[in-house]
Amino acid sequence: MKILINNASTTSHLLGGNGHDVVTISLVIEKGKIVQVLDCPLPASQTVSTDSTFEKVIDATGLFLSPGLLDPQVHFREPGMEYKEDIASGSRAAVKGGFTSVVSMPNTTPTADNAETVAFMVEKASTTGLCKVYPTGALSKGLEGKELTDFKTLQAAGVVAITDDGKGVQDDSLFKQALNDAKALGMPVLDHSEDESLSNGGAIHEGVVSRKHNVNGIKASSESVHVKRGCEYSEETGGHYHVLHVSTAESIEAIRQAKAKGARVTVEVSPHHLLLCDEDIPVKADGTLDANWKMNPPLRSRSDMLACQKALTDGVIDAIATDHAPHAPHEKDLHIEKAPFGIIGLETAFALIYTHFVKTGKLNLNTAIDLMSKQAGAIFNIKCGRIEEGADADLALFDLKTPFTVTPSFFASKSQSSPFINETLYGETYYTLVDGEIKYARC
Ligand SMILES: [Zn+2]
């Protein structure tokens, strides 16, 4: 299929050049690749006949062309919990948000701690997935934190990283061994940093709100203790330590110091930890807290949120991740202490970052897109994030000018568990192409 994207705005930075200037281009896509990047208006020598040459012409006038986004952390729940989400619905949410690649977590049923389960995910993604799905393999068998999995076999089956996400690894020596073994295979270890002796079965951040509502709290130190451990082990082993969904000021400080020493440490942050804090959790009519604001790590204090924002704008953060973690409505309707951790995020991530950080002048658009594509991919050695001839035609077209409001029916996920419903945002996706095929078009 030959496609022309006509008259799109983008930046020379995203075309692989220097500078932040906005340029207007047209793109010719063939056999899944970008084959021509043309200046607009087209010079006479490059005039293309739009009527007969192309099977599809996308008029991108007024839209911004971005490389397809990559999300370093999603939970697609398949196999085992398809009532919450499956690879088809999860990837539908991804392309609706402009994501063309996602890295999926291994806490499925069965756990992705063996080659068969990983092979099933790879196969399912190729048949029902709308975007590229890169699986990760469990660090320990059954995520039990006792015995390491066979990293080499998992890698051969297709995993791009090792992680027990959903849980922290409590055994220090097991974690250190994992960093060492993954290093030999060139893979990062992704850490859900949580010392369970300090999180103590809590439901929200331990602070003013947990005390006021008499809800068991998760100490901020439950994260930073493990982040400090990971940074230290990374320095000792040379292994690549990646901090998933960072949420506290203390963790960020430890990462900042480890990076300054040259350790192979990377970190991602999620839009909800950048934009919300524990004080924002709404109280329902029955007087209890709304579980659609419950995730792990939890929404922290206001000063932690501000530390996340500072880390984003001063360059400590390597990537933005949604931690898209869908649950069924009946599960999230429960009392906040009983409801499961997790909210969705794929459909709103780009618009949230664009509206709150780019439009307000806190973050350059190129930087924001790099954090959601090129730099996010680099954590896993996945090359993406540039609009260049020869590259995969993984692309997104956003409307940066017209506001839209997030409603429950806006979501493509099976879940609507989002704290951002009713927000008015900028940056709605109009088209998403994966390997040159249109996988999402706003009707
Ligand atoms: Zn996690």
Side-chain angles (χ1 to χ4, degrees), residues 71-77 80-81 84-85 90 102-109 111-113 134-140 142-145 159-170 175 178 188-196 198-205 218-227 229-230 241-248 251-252 255 265-274 276 291-300 304 308 317-327 331-332 339-346 349 376 379-380 415 417-419:
D71 190 341
Q73 193 192 166
V74 304
H75 299 264
F76 279 178
R77 310 297 192 201
M81 290 167 285
K84 294 176 193 268
E85 193 81 292
V102 299
V103 175
S104 68
M105 296 297 110
N107 57 341
T108 48
T109 312
T111 306
D113 61 2
Y134 295 96
T136 57
L139 181 150
S140 69
L143 305 178
E144 285 175 355
V159 310
V160 295
I162 296 297
T163 180
D164 266 0
D165 183 44
K167 277 174 140 181
V169 179
Q170 304 308 303
F175 192 73
V189 173
L190 321 180
D191 187 28
H192 171 110
S193 314
E194 180 181 353
D195 182 326
E196 288 169 6
L198 297 165
S199 52
N200 196 27
I204 62 169
H205 175 67
I218 301 170
K219 287 190 196 326
S221 57
S222 74
E223 178 181 278
S224 55
V225 161
H226 268 201
V227 169
R229 175 188 76 174
Y241 174 59
H242 176 73
V243 182
L244 295 163
H245 44 48
V246 77
S247 68
T248 74
S251 302
I252 289 166
I255 294 160
V265 174
T266 53
V267 59
E268 63 181 46
V269 68
S270 302
H272 48 271
H273 289 126
L274 288 166
L276 301 170
N292 288 310
W293 273 252
K294 178 181 179 181
M295 71 295 289
N296 193 5
L299 298 176
R300 299 291 188 180
D304 288 316
C308 288
I317 300 293
D318 296 276
I320 292 166
T322 67
D323 190 11
H324 180 87
H327 294 287
E331 296 171 314
K332 292 300 266 185
F341 290 108
I343 59 164
I344 58 170
L346 282 163
I379 296 164
F380 310 95
S415 170
S417 177
S418 165

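Counting starts at 1 for both ligands and their atoms, in listed order. Throughout, residue positions are numbered sequentially from 1 according to the sequence presented.
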Pull up every protein N/O/S atom sitting under 2.8 Å from the Zn ion (ligand 1), skipping waters.
Asp165 OD1, His192 ND1, His245 NE2
For Thr248 and Arg300, which I'm curious about, is there any donor-acceptor pair between the side chains at under 3.5 Å?
no
Can a side-chain donor-acceptor contact be found between Thr266 and His242 if the only test is distance below 3.5 angstrom?
yes
Quick one: are [X] and [Y] in side-chain contact, heavy atoms under 4.5 Å?
X	Y	answer
Val74	Thr322	yes
His192	His245	yes
Ile218	Glu223	no

Mind checking the CD1-OG spacing from Ile255 to Ser193? Nearest 0.5 Å is all I need.
7.5 Å
